[in-house]
Amino acid sequence: EVQLVESGGGLVQAGGSLRLSCRASGFSFDEYAIGWFRQAPGKEREGVSCISSVDESTYYSDSVKGRFAISSDNAGNTVYLQMNSLKPEDTAVYYCAAHYLHPMMAPDLQAYHYDFWGQGTPVTVSS
């Protein structure tokens, strides 16, 4: 059974940091792309960052570039999202998702590519 379990969310003041974790099981982790998405109340889901577990190539949305960093621990089947310089507009439920990634392809944040999703972890940034 495929499982993606997020953790690390919480309440933080603006300017602070959080590190989210996404632990995966039930599939060949090193053949997949893992993405982080978020959804704020009343807003559409937004892609944040993704990483290829094949070659560790990464991609970031413009809204988080330079503030967030994604990394992968293939041995531990875990992807991390280090979030620095957090802003109130980063408040959302953060989800990790996974899909098989062809070795010749780069990861992207097209949600329809992703087959498996976690339950989400809430992040609240106070001003």
Side-chain angles (χ1 to χ4, degrees):
E1 179 189 3
V2 173
Q3 279 194 320
L4 296 168
V5 180
E6 304 96 334
S7 61
L11 174 64
V12 64
Q13 287 189 330
S17 299
L18 283 174
R19 189 177 80 155
L20 305 184
S21 300
C22 172
R23 181 163 175 81
S25 61
F27 59 91
S28 298
F29 187 80
D30 58 1
E31 295 179 343
Y32 276 64
I34 307 294
W36 284 98
F37 295 80
R38 66 187 182 186
Q39 188 164 21
K43 294 189 176 181
E44 293 188 354
R45 181 174 53 194
E46 174 192 13
V48 174
S49 180
C50 57
I51 186 168
S52 163
S53 297
V54 178
D55 61 7
E56 297 191 6
S57 57
T58 60
Y59 181 83
Y60 297 91
S61 68
D62 288 343
S63 61
V64 306
K65 198 173 296 181
R67 300 188 297 122
F68 291 11
I70 192 170
S71 61
S72 177
D73 172 11
N74 282 19
N77 284 13
T78 301
V79 168
Y80 302 98
L81 184 68
Q82 178 67 43
M83 306 187 297
N84 299 324
S85 302
L86 283 161
K87 305 174 181 179
E89 51 263 44
D90 294 317
T91 295
V93 177
Y94 284 70
Y95 300 90
C96 69
H99 75 88
Y100 172 77
L101 184 66
H102 190 280
M104 299 297 290
M105 300 297 291
D108 62 47
L109 291 172
Q110 298 295 323
Y112 66 87
H113 284 165
Y114 290 80
D115 301 307
F116 308 112
W117 292 80
Q119 293 300 306
T121 186
V123 171
T124 302
V125 183
S126 63
S127 57

Quiz item: Among Leu109, Val79, Val64, which one satisfies side-chain contact (heavy atoms from CB on, under 4.5 Å) with Trp36?
Solution: Val79

Quiz item: More than 12 foreign heavy atoms under 6.0 Å from NZ of Lys43: is that the case here?
Solution: no

Self-check item: Hphob cluster co-occupancy, Val93 + Trp117, side-chain heavy atoms under 4.5 angstrom
Solution: yes

Quiz item: Under a 4.5 Å cut-off applied to non-hydrogen side-chain atoms, are Met83 and Val12 in contact?
Solution: no

Quiz prompt | Heavy-atom side-chain contact between His113 and Cys50 under 4.5 Å | solution = no

Self-check item: Value rounded to 0.5 Å, distance of OG1 in Thr78 from CZ in Phe29
Solution: 6.5 Å

Practice problem: Could you tell me whether the side chain of Arg38 reaches within less than 4.5 Å of the side chain of Leu20, counting heavy atoms only? | Solution: no

Practice problem: Measure up the Phe37 and Tyr114 rings against each other and bin them: parallel (under 30°), tilted (30 to 60°), perpendicular (over 60°). | Solution: perpendicular

Quiz item: Nearest heavy-atom pair of Gln119 and Glu6: which atoms, and what distance?
Solution: N-OE1, 3.1 Å

Quiz item: Do Asp30 and Ser53 have side-chain atoms, one donor and one acceptor, less than 3.5 Å apart?
Solution: no

Quiz item: Roughly how far, to the nearest 0.5 Å, is OG of Ser17 from CZ of Arg67?
Solution: 10.5 Å

Quiz item: Is Phe116 atom CZ crowded by more than 12 heavy atoms from other residues, nucleotides or ligands, each under 6.0 Å away?
Solution: yes

Quiz item: Once you round to the nearest 0.5 Å, how far does CG of Asp55 lie from CE of Met104?
Solution: 10.5 Å

Self-check item: Separation between OG of Ser25 and CD of Glu1, rounded to the nearest 0.5 Å
Solution: 7.5 Å

Practice problem: Check the hydrophobic clustering (I, L, V, M, F, W, Y; side-chain heavy atoms under 4.5 Å; chains of links allowed) and say if Val123 and Val48 are grouped together. | Solution: yes

Quiz item: Quick one: are Asp115 and Val2 in side-chain contact, heavy atoms under 4.5 Å?
Solution: no

Practice problem: Report yes if the side chains of Leu4 and Phe27 come closer than 4.5 Å at any heavy-atom pair, otherwise no. | Solution: yes

Quiz item: Under the 3.5 angstrom rule, does the side chain of Arg23 hit a backbone N or O of Gln3 as a donor-acceptor pair?
Solution: no

Quiz item: Restricting to pairs with a member in residues 66-108, which pass disulfide (SG to SG under 2.5 Å), not counting sequence neighbours?
Solution: Cys22-Cys96

Quiz item: Do the side chains of Tyr60 and Ile70 get nearer than 4.5 Å, heavy atoms only?
Solution: yes

Quiz item: If you count the non-hydrogen atoms of other residues, nucleotides and ligands that lie under 6.0 Å from CD in Gln110, is the total more than 12?
Solution: yes

Self-check item: Aromatic plane relationship, Tyr94 with Phe68 - under 30° parallel, 30 to 60° tilted, over 60° perpendicular
Solution: tilted

Quiz item: How many angstroms lie between atom OH of Tyr100 and atom OG of Ser28, to the nearest 0.5 angstrom?
Solution: 9.5 Å

Quiz prompt | Minimal non-hydrogen separation, Ser127 against Ala14, with atom names | solution = CA-CB, 4.3 Å

Quiz item: If every non-hydrogen atom of Ser52 is compared with every non-hydrogen atom of Pro107, which pair is closest and at what distance?
Solution: N-CG, 3.8 Å

Quiz item: How many angstroms lie between CG in Leu81 and CD1 in Ile34, if you round to the nearest 0.5 Å?
Solution: 12.5 Å

Exercise. Quick one: list whatever passes side chain to side chain contact (heavy atoms under 4.5 Å, CB included) with Glu89, sequence neighbours left out.
Key: Lys87

Quiz prompt | Atom of Ser72, atom of Glu56 and distance for their closest heavy-atom approach | solution = O-OE2, 4.2 Å

